[in-house]
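Letters A, B, ... are given to chains in the order of the sequence lines, protein chains preceding strands, and every chain is numbered from 1.
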Protein chains: 2
Amino acid sequence: MIEYQLYFFSWSKFVNGFVLEFPEFSKLPMIGSRMSLLAISRKYATSATNVKERLVIIGTGWAGFKLLSKIDTKRYDVVVVSPRNYFVFTPLLASTCVGTLEYRAVTEPIRKHAKNFTFFQSKCEQINLEKRQLTIRSALEDASYDEHIVNFDKLVICCGALTQTFGIPGVKENACFLKDIGDARKIRNRILDCFEKAKQPNVTEEQQKGFLNFVAVGGGPTGVEFSAELHDFIYEDLSKMYPELMSKVTITLIDVAPKILTNFDASLSDYAAKKFERSGIKIRTGTKVLELGKEEIKLHGGENLKYGLAVWATGLAPNPLIQSTNLPLDPAKRLITDGYLRVLDKDNKALDNVFALGDCAVVKDAPLPQTAQIANQKGLFLARTLNNTAKGKQLESQPVFSYKEIGSLAYVGDWKAIASLRIRDQKVHKAGFQAWILWRYAYFSMSVSWRNKVLIPIYWLVASIFGRNTSRFQ
Amino acid sequence: MIEYQLYFFSWSKFVNGFVLEFPEFSKLPMIGSRMSLLAISRKYATSATNVKERLVIIGTGWAGFKLLSKIDTKRYDVVVVSPRNYFVFTPLLASTCVGTLEYRAVTEPIRKHAKNFTFFQSKCEQINLEKRQLTIRSALEDASYDEHIVNFDKLVICCGALTQTFGIPGVKENACFLKDIGDARKIRNRILDCFEKAKQPNVTEEQQKGFLNFVAVGGGPTGVEFSAELHDFIYEDLSKMYPELMSKVTITLIDVAPKILTNFDASLSDYAAKKFERSGIKIRTGTKVLELGKEEIKLHGGENLKYGLAVWATGLAPNPLIQSTNLPLDPAKRLITDGYLRVLDKDNKALDNVFALGDCAVVKDAPLPQTAQIANQKGLFLARTLNNTAKGKQLESQPVFSYKEIGSLAYVGDWKAIASLRIRDQKVHKAGFQAWILWRYAYFSMSVSWRNKVLIPIYWLVASIFGRNTSRFQ
């Protein structure tokens with residue numbers, strides 16, 4: 001080992017990037033590069049007892065972020081690979097589409113929330129389980145330093161999922177999704193754009209109605225909360241700036257299912273539907289979208305609907321990275337794991353060094369939906385288990401993952417929400433203003449940093465007193 | 001007149017966009033279109049005594065925004081043409097480049113700050129003084145409703161200026177400017193990008209030093225305040241996330257002049273220079289930039305400087321719109337006006353219906369620099385004069401514009417500023433913490449809306465307690 005250390009000591013003068021990442025020279029050989037020398041040297045490094053195991057986490061969503069924030073970086077050499085350098089507090093993302101909250105009130109920069117770890121702002125392009133290597137590509141502006149190999153001892157796959165488009169033509173090109181801050185920015189600008197477009201001269205009334213038809217496709221919590229936030233924005237703020245356009249505004253919520261919010265109790269989803277009806281939000285359930293043109297939605301049955309903005313939130317689609325692993329997948333194309341979140345191979349055997357959690361994974365024989373709550377709990381579970389393992393406790397002597405359902409909340413507009421809670425093994429349903437207080441309190445208390453715990457209630461207050469800011473910039 | 005009203009009444013069914021803009025039918029003929037019919041009809045409309053004069057304002061900078069906020073829209077039919085739907089409080093723009101303030105804390109949506117006026121989010125492409133017409137082009141996402149003619153009775157040109165590049169090759173392509181929110185967003189992302197780039201594997205120490213050389217070109221208040229804010233950001237926030245990179249960071253302030261902040265008293269500019277020296281900001285005065293490559297600045301004398309971000313703030317360049325008017329211009333290519341801000345024609349005669357103010361104009365024989373303070377005062381002056389004129393008071397019986405110098409302030413980092421004030425006709429110079437208190441207080445009290453008056457001090461507090469948010473998104 002000493003020989004290698006000396007070798008790298010002299011070499012480090014030329015490749016200083018490594019020295020920065022790995023101030024202890026004994027760790028140097030653990031990062032791979034295009035030069036096979038380093039990849040080869042890894043086994044020597046990991047055989048030394050004083051060397052920490054390298055744990056590579058793919059993704060900074062709920063699962064990855066929670067794991068990172070609790071994993072013991074004194075016991076693991078943690079490397080995070082993600083194209084974004086922040087975590088998004090997704091339950092409040094819809095609020096940022098209309099300016100109830102500013103974008104950074106729902107983000108947490110990951111370098112701030114953990115110390116002594118390595119972060120590559122890169123996209124993982126390939127996983128080689130045999131060689132224990134990832135191929136990653138830079139997600140930074142300048143792509144000239146783009147492709148690298150990262151070796152791992154343990155791998156945690158929590159790269160999430162994409163938005164499901166069902167291959168419907170035009171959706172990828174013309175719809176806005178709602179999974180990240182960039183999406184929310186695009187939506188906010190588009191809303192303001194639609195109103196300004198309707199105010200241009202030479203625009204006919206019919207065109208105005210088209211520009212001002214805001215469509216959400218998908219009657220789950222994302223589509224519902226977006227419609228509710230948009231309704232608040234339009235009727236609390238934009239109505240004062242564009243009073244003469246108000247009669248031309250429509251918000252339409254489309255779903256192929258016969259009801260919206262099917263994951264909630266029927267009494268709650270009925271409440272939401274009635275609330276929307278009173279607010280003038282058109283619910284079109286049992287409606288299938290055939291094509292999304294640039295300005296027109298083709299519906300099953302021959303109807304064409306002009307629109308200005310379409311937000312697409314019809315559930316999740318598998319991440320191509322998962323499909324490229326050649327590991328067995330469940331029908332929803334998720335990796336299958338055992339109760340310790342270890343990925344199962346073709347022979348149903350758990351790989352001892354590869355874990356998967358979040359939207360891209362499911363526990364065998366215990367299928368759960370793809371929600372933030374489950375990803376969160378799995379992230380915390382895995383951190384605890386891995387920390388114990390590093391302390392010498394056998395993995396299989398520890399309890400397996402079990403999901404504790406806390407409840408579901410959804411905002412339905414006008415200071416009203418619906419809440420489905422599990423209290424002492426009993427389901428409690430609430431709807432209206434009280435549920436809204438609960439909704440705000442729950443998300444306020446779940447927000448991660450003190451910075452955002454201060455800013456979020458201030459934004460809520462400022463928006464309700466002074467209104468939302470409607471500046472539109474790129 | 002009645003005949004025309006009836007005519008437009010029936011026609012309005014088909015071109016409803018006009019009806020929205022102009023609910024009173026008598027106003028209808030006043031907006032032009034490609035159809036010459038409307039343009040012709042205008043003279044009939046304006047000859048009617050009960051019709052307000054149409055006042056068209058080009059621009060929503062300091063001059064245009066202040067004019068708009070004070071002009072009496074009951075006496076003028078006000079139309080604003082600007083590619084952006086907000087006003088930027090420019091003195092605090094540099095703070096948004098690093099997240100001390102969020103972008104929307106320094107913007108004011110113009111539709112919120114005035115009522116009963118027409119706004120076109122468009123760029124003015126041509127001014128036809130003879131026909132009293134503007135050609136405007138939509139600045140919205142979709143350009144299919146793009147070009148329109150707008151007629152005016154009175155025109156106010158306050159379209160501002162561009163950043164001066166002196167034709168130096170590569171500046172337009174590779175530099176970041178600092179005049180609008182989009183610029184600040186680009187700079188903030190680029191700073192974070194540079195640090196992440198330096199953390200990629202395989203990056204040499206020399207490359208790191210290049211990525212982490214932040215250059216401001218132009219030693220005026222913009223370049224100085226940006227350098228100061230950047231210094232705070234790096235040493236208060238980024239140093240905690242990238243401690244091992246700190247020894248490689250350089251901030252360089254380049255100016256061709258022998259000193260920085262030449263518009264301040266020598267004692268103050270010396271203070272700023274010494275403060276920068278102590279902070280480790282390199283000042284390179286008397287240095288000429290020959291070319292700005294993608295990663296390298298070529299300096300006069302053969303030196304090449306690698307850099308990661310270059311912010312270009314070397315003064316103002318004329319707006320092409322001004323040059324297209326064929327009106328006489330001063331040596332700095334600004335429109336020349338009389339004391340009432342009326343534009344002078346080739347015979348030195350004031351045009352009675354065309355005004356110019358802000359960075360694109362100068363009062364004859366009373367040249368003043370292009371600052372926000374002067375644009376602000378001119379905007380308020382013109383609103384007052386035009387309101388009086390509409391009440392029947394002759395323009396020339398009113399006093400001409402006279403500039404009241406209040407003072408200049410500049411932030412130099414580390415809770416220190418310089419201030420040059422005029423108190424009872426005496427110049428008072430202050431530097432250090434006291435001047436910083438003054439700087440913050442002055443800009444806090446000058447910020448326009450109550451919304452921002454609440455948010456700005458909160459952001460200041462949050463940044464100093466919890467640090468700035470370093471999430472990077474498009």
> When you look at CD of A/E206, are more than 12 heavy atoms from neighbouring residues, nucleotides or ligands closer to it than 6.0 Å?
Replying inline: no
>> Does B/K123 have more than 12 heavy atoms from other residues, nucleotides or ligands lying within 6.0 Å of its NZ?
In response: no
> Is there any residue in residues 180-187 of chain B with a non-hydrogen atom under 4.5 Å from a non-hydrogen atom of chain A, and which ones are they?
Replying inline: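 Answer by number: B/I181, B/G182, B/R185.
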Is [X] in contact with chain B via its backbone, its side chain, both, or neither, using a 4.5 Å heavy-atom distance?
{"X": "A/F87", "answer": "neither"}
{"X": "A/K115", "answer": "side chain"}
{"X": "A/E102", "answer": "side chain"}
{"X": "A/I110", "answer": "neither"}
{"X": "A/A139", "answer": "backbone"}

Interface residue of largest heavy-atom contact number with chain A, from [options], under 4.5 Å:
{"options": "B/R451, B/R104, B/M241", "result": "B/R104"}
{"options": "B/L461, B/N452, B/D193, B/T470", "result": "B/D193"}
{"options": "B/S471, B/A463, B/G99", "result": "B/S471"}

> Out of curiosity, B/F214 CZ to B/C194 SG, how far, rounded to the nearest 0.5 Å?
Replying inline: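 The CZ atom of B/F214 sits 4.5 Å away from the SG atom of B/C194.
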> Any idea which heavy atoms bring B/I456 and B/S447 closest together, and the distance?
Replying inline: CD1-CB, 3.8 Å
>> Quick check: closest heavy atoms across A/N85 and B/R472, and the distance to 0.1 Å?
In response: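 A/N85 and B/R472 have their closest heavy atoms at OD1-N, 3.0 Å.
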> Among all residues two or more places apart in sequence or in another chain, which pass the salt bridge (Lys or Arg N to Asp or Glu O under 4.0 Å) test with B/R468?
Replying inline: B/E236, B/D237
> Tell me, side chain or backbone of B/I136 under 4.5 Å from chain A's heavy atoms, or both, or neither?
Replying inline: neither
Any heavy-atom pair between the side chains of [Y] and [X] that's under 4.5 Å?
{"X": "A/Q200", "Y": "B/S122", "answer": "yes"}
{"X": "B/V79", "Y": "B/F152", "answer": "no"}
{"X": "B/V88", "Y": "B/F65", "answer": "no"}

> For A/E244 and A/K199, what are the C-alpha separation, side-chain angles and deciding distance, and is it a salt bridge (Lys or Arg N to Asp or Glu O under 4.0 Å)?
Replying inline: CA-CA 10 Å; A/E244 66 292 342; A/K199 290 286 282 181; 2.5 Å; yes
